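Comments concern the structure below.
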Number of protein chains: 2
Amino acid sequence: MKKSIDKSLEIKQVKPTAMRQLVLDILSKQDHAIGLPELEMQFAQADRTTLYRTLKTFVDKKVIHSIDDGTGTIKYAVCTDTCHCNPSELHVHFYCIKCEKTTCLTDIPIPDIQLPENYFAENINMVVKGLCNRCNKG
Amino acid sequence: MKKSIDKSLEIKQVKPTAMRQLVLDILSKQDHAIGLPELEMQFAQADRTTLYRTLKTFVDKKVIHSIDDGTGTIKYAVCTDTCHCNPSELHVHFYCIKCEKTTCLTDIPIPDIQLPENYFAENINMVVKGLCNRCNKG
DNA sequence: TAATTTGTGCAACCGGGTTGCAAACTTATT
DNA sequence: AATAAGTTTGCAACCCGGTTGCACAAATTA
């Protein structure tokens, strides 16, 4: 649905260039979060820098959120239309050590943490590593 | 205290070479977790590879634990003598966006997460980003 | 002492991420 | 429509943390 792609970009105030539509389209079709190298491979030939910067603007404008899953490659997944990436809106991510896929556990919010006196939380990253439901067999 | 260094290494079954004693000594004197580049700088001249491998054996033998704080550089901090790095023993880490130091919030265990059906957790990484008590003023 | 294992040091490489700069394209202004 | 200003894209090159291969040194064992 091209329409929904454009709408997302409009909502988040990102100019809908061909490149951006394409990238967002790809991202929204994934069943797991992907990184720059993986995104790059989805194109016959595309410039890494452009994809890199596209991802960056998307993150800035909160079209997508980035996930540091500990693999050394930052992953990205689309945000909901209403997402503002506040700590309270954050969810847990899961990295499967077998299929090596990183997924959003959107239904699992990051639990509240009681920080020590005078600490201020701006962001929380929580990644569970293990076996996903598909790989946890046998 | 040289003695405690040697004891730690003995407990975790790591042969106490000069290099290892030195590295562990440095690590245990830190008030925050440090990465390979920062460790390297503590030496007038030292080989990155050796330090790298020293850290690696330390992590393998659970003398120290590694922390992915999202900066792109893996940080390390000493474990307690009895630590086995099980999920239940894990604590939250904090990264200050101002002083850029990563610290162990050893008193704050990682909360239990109710994973979806058939998921298996082997490890959990939880990093809070924000302002530490020192930097959160004014 | 010789043979084997373990640790250290150098060099070189890898790969994700990032920047500088110029060309292409878009938008605003006259 | 023509020009100027801003934005996006593409290429090349670089940075840096991490990692590997290989040879030498040190320690351990036979």
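All values below come from the heavy atoms of this structure, side chains included, with hydrogens, waters and symmetry mates left out. Computed from a predicted model, the values in this text were never measured in an experiment. Note on naming: letters A, B, ... go to the chains in the order of the sequence lines (proteins, then strands), and numbering restarts at 1 for each one.
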- Nearest nucleotide by nearest heavy atom, which residue falls closer to the 5' end of DNA chain D, B:K15 or B:I74? B:I74
- Closest-nucleotide 5' rank along DNA chain D - winner of B:Y76 and A:T54: A:T54
- Query: Tell me: CG of B:L55 to P of D:dT19, nearest whole Å?
  - Reply: 11 Å
- Message: Can you tell me whether the side chain of B:T17 and the base of D:dA27 have a donor-acceptor pair closer than 3.5 Å?
- Response: no
- Task: Give a yes-or-no answer on whether the side chains of A:D69 and A:T71 include a donor-acceptor pair shorter than 3.5 Å.
- Result: yes
- Closest nucleotide among D:dG18, C:dG17, D:dC11 to the B:L36 side chain: D:dG18
- Between the side chains of B:H65 and B:E89, is a donor N or O closer than 3.5 angstrom to an acceptor N or O? no
- Message: By the 4.0 Å heavy-atom rule, please label B:T73 as base, sugar-phosphate, or nothing.
- Response: sugar-phosphate
- Query: Quick one: A:D47 CG to D:dG10 C1', roughly how many Å, whole number?
  - Reply: 5 Å
- Base of C:dG15 paired with side chain of A:R48 (donor-acceptor, under 3.5 Å): no
- Message: The test is salt bridge (Lys or Arg N to Asp or Glu O under 4.0 Å); show your working for B:D25 and B:K29 and say whether it passes.
- Response: CA-CA 6 Å; B:D25 187 49; B:K29 277 177 182 153; 2.9 Å; yes
- Message: Rounding to an integer number of Å, can you tell me how far A:L22 CG sits from D:dT9 C1'?
- Response: 14 Å
- For the residue pair A:L105 and B:P116, what are the closest heavy atoms and their distance? CD2-CG, 4.2 Å
- Note on the structure: B:D68 atom CG is separated from D:dG18 atom C1', nearest whole Å, by 13 Å
- Rounded to the nearest angstrom, tell me the gap between atom CD in A:Q21 and atom P in D:dT8. 13 Å
- Query: Does A:Y52 have a side-chain nitrogen or oxygen under 4.0 Å from the phosphate oxygens OP1 or OP2 of C:dG17?
  - Reply: no
- Query: Think B:R20 has a side-chain N or O under 4.0 angstrom from the OP1 or OP2 of C:dG7?
  - Reply: yes
- Length of the line joining B:K61:NZ and C:dT6:P, which is rounded to integer Å: 10 Å
- D:dC11 C1' sits how many Å from A:Q45 CD, rounded? 12 Å
- Task: Using a heavy-atom cut-off of under 4.0 Å over every strand shown, decide if A:G72 touches base, sugar-phosphate, or nothing.
- Result: sugar-phosphate
- So does B:R53 reach the base of D:dG18 with its side chain, donor to acceptor, closer than 3.5 Å? no
- Starting from P on D:dG17, measure out to CE on B:M41 and report it in whole angstrom. 9 Å
- Query: Going by atom types only, do A:E117 and B:N133 share a side-chain donor-acceptor pair under 3.5 Å?
  - Reply: no
